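Ligands are counted one by one from 1 in listed order, and the atoms in each one are counted from 1 as well. Note that this is a predicted model, so its numbers are computed, not measured. Below, each value reflects all heavy atoms present in this structure, side chains not excepted, and no hydrogens, waters or symmetry copies.
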Amino acid sequence: MRKVTDRLPLLALLTAISLVLFSQAFAQEATTPELTSPEWETATQLYFDRCAGCHGALRGGATGPDLFPDRLSAMGTSYLEAVIHFGLPGGMPGWGASGTLSEEQIELMARFLLNEPPAPAPISMDQIRDSWVVQVPVDERPAEPEHDLNWEDFFGVILRDMGQVAIVDGGTHELVTLVDTGHAIHILRSSASGRYFNAIGRDGKASLIDLWLDPPQVVSEVKACYDARSIESSHFEGFEDRYAIVGCYWPALAVILDGLTLEPLKMIGTAGYERGAGDYVEEARVAAIVASRFHPEWIVTLKESGQAWFVDYSRLDEPGQPLPVTMLDADLYLHDGGWAQERYFIVAANALDKLIVIDAQERNVTSEVLAGSTPHPGRGANWDHPEFGPVWATGNLGSDELTVVAVDPDNHPDHAFEVVARVEVPWTGNLFIKTHPNSPWLIYDFPMSPLPAAAASLCAIDKVTLETEKCWEVPGAADLGARMVHIEFNQAGTEFWVSAWGTRDEPSFIAVYDAVTLEETHRIEGDWVRTPTGKFNSYNTANNIY
Ligand code: DHE
């Protein structure tokens, strides 16, 4: 047996290393790392592009923790670099491991985070108005489609890092055209008629795409703010296509636009008090927005203040008349959500693992449901179950589960707004699910899994047995470093499309599957297929089929 004294050199060495590390850490705490002015500019932009979405422009945290220097300084730059490089379980991406950020950029970001955050700029109506362009005035747009293609079966495919949307024919899988849009385009929403796609870029630029033109093109655009995630148009009877609204992350506001020209009409600041009675929240960011069919209004969710605002657009055209905004307390960290039975808007309070059920007819919170870890519904998925009646489901980012909720209090009151099934899937890292009335399957993705093979895989869940029937890795996706993301069905519900989300340096593909047999039937490829993410079928999006 070795004596304690034999180990002394080793103990001394360990002590010395600890002292060096401790003194380094202390030194890091004591001095704030400096950045040159170009470094500061680069880091501010990188933070906006990669970090602000989860951690907030003011770094107050929401989906991710706060990134204030007083908390981070105890960790030191080496630890921060490791976290930025490798990510953390529960959703923090490995920006270095995925090749998105270089080692130099990671080192810069670690130093940047130990400095006080720069104050982001406000925006004025004049600035928004100056950015407004109408490329094709309304009276020069055709009264009927200029082409013979089935525009209701067009898919708008986001090419995220190309700042473009591809319009692809759902019948032939052919590219119809590419249109230039905002930076890091995030979502598309169809106008009520389906004729227009409203696109929103992360840079706050909204673009209106007219599908009746030959070829479809952007007919107007406006930069509503600096950082945005949501857009919606007016769907209430009598107001179809008339207005649109952009939901901004920074500054915290929503901007109402004319639906046919995108002329900016009103700004609604969302900074306020947490659930109307708590702390003042300057950065109350707009998360999901949906258009009600019960009232002429949008339901606008606010992430950090935990409220849903009903914004009534019915008298916008009448000068001197009110613009009613009704505030409803929901819960914190509202993120994404969709309709159940087109009446209940179910939105994830993601960091609380909860789903908040808002009754659009009664304008109240009717229920709360405990989901899995970090529910991420996208818009969720609806179908009729033989035992539970109408159900709605969400995937979960942090747990290996599909959460199925019964949503018919009128005819199936026994289970209303209860979880009726937690279907096990093999991995965590889900972002989106989707189904269609004509498919027996619900399709589930895993793009945020740290395992490349899982991120390249999909699962099909049986809508009757509520069991995972089949999971498969999409051939060729992992070789491209691509993650399979976001599912969308065609108008007839006979096939579904999934994007292989790779890097902008290399073309990837969109895989097309038979909606019944689950066989891959086609691959949409071409030099233009770079960083495809969300894709939206015109008919399904206009009619809330998901
Ligand atoms: Fe999204 C929906 C916010 C990252 C693709 N995403 C949403 C919605 C919000 C949101 C608030 C709901 C909008 C609505 O319905 O009105 N997304 C955020 C973020 O804050 C986050 C986490 C980080 C960020 O910096 O943006 C983020 N989102 C992503 C991505 O990385 C994705 C996968 C690709 C991309 O755009 O970079 C992505 N988000 C999407 C898509 C939807 C979405 C495709 C709409 C899904 C649908 O079917 O409706």
> Picking from Trp392, Phe417, Trp339, what satisfies ring pair (Phe, Tyr, Trp, His ring centres under 6.0 Å) with Tyr344?
Replying inline: Phe417
>> For Trp497 and Tyr513, I'd like to know if the aromatic rings sit close, meaning centre-to-centre distance below 6.0 Å.
In response: no
> Does Asp331 have any side-chain hydrogen bond (donor to acceptor under 3.5 Å, both in side chains) partners at least two apart in sequence or in another chain, and if so, which?
Replying inline: Arg275, Lys354
Inventory of protein N or O atoms under 3.5 Å from ligand 1 N or O:
from     : atom 1 : to     : atom 2 : distance (Å)
ligand 1 : 6 (N)  : His186 : NE2    : 3.0
ligand 1 : 15 (O) : Arg189 : NH2    : 2.9
ligand 1 : 16 (O) : Ile289 : N      : 3.1
ligand 1 : 17 (N) : His186 : NE2    : 3.1
ligand 1 : 20 (O) : Gly53  : O      : 3.4
ligand 1 : 20 (O) : Tyr249 : OH     : 2.6
ligand 1 : 25 (O) : Arg229 : NH2    : 3.1
ligand 1 : 26 (O) : Arg202 : NE     : 3.1
ligand 1 : 26 (O) : Arg202 : NH2    : 2.8
ligand 1 : 26 (O) : Arg229 : NE     : 2.6
ligand 1 : 26 (O) : Arg229 : NH2    : 3.1
ligand 1 : 28 (N) : His186 : NE2    : 3.0
ligand 1 : 36 (O) : Arg202 : NH1    : 3.2
ligand 1 : 36 (O) : Arg202 : NH2    : 3.4
ligand 1 : 37 (O) : Arg160 : NE     : 2.4
ligand 1 : 37 (O) : Arg160 : NH2    : 3.4
ligand 1 : 37 (O) : Arg202 : NH1    : 3.3
ligand 1 : 37 (O) : Arg202 : NH2    : 2.9
ligand 1 : 39 (N) : His186 : NE2    : 2.9
ligand 1 : 48 (O) : Arg379 : NE     : 3.3
ligand 1 : 48 (O) : Arg379 : NH2    : 3.0
ligand 1 : 48 (O) : His486 : NE2    : 2.8
ligand 1 : 49 (O) : Arg189 : NH1    : 3.1
ligand 1 : 49 (O) : Arg189 : NH2    : 3.0
ligand 1 : 49 (O) : Arg379 : NE     : 2.7

> Quick one: side-chain hydrogen bond (donor to acceptor under 3.5 Å, both in side chains) pairs with a partner in residues 192-206, sequence neighbours left out?
Replying inline: Arg141-Tyr196, Ser191-Ser193, Ser193-Asp241, Arg195-Asp210
In residues 439-453, what donor-acceptor pairs under 3.5 Å come from side-chain atoms, sequence neighbours left out?
from   : atom 1 : to     : atom 2 : distance (Å)
Ser439 : OG     : Trp441 : N      : 3.2
Ser439 : OG     : Ala515 : O      : 2.8
Trp441 : NE1    : Val516 : O      : 2.8
Tyr444 : OH     : Asn396 : N      : 3.4
Tyr444 : OH     : Glu401 : O      : 2.8
Asp445 : OD1    : Asn430 : ND2    : 3.2
Asp445 : OD1    : Leu431 : N      : 3.0
Asp445 : OD1    : Phe432 : N      : 2.8
Asp445 : OD2    : His486 : N      : 2.9
Ser449 : OG     : Leu451 : N      : 3.0

> Can you check whether Leu58 reaches Pro117 side chain to side chain, under 4.5 Å on heavy atoms?
Replying inline: no
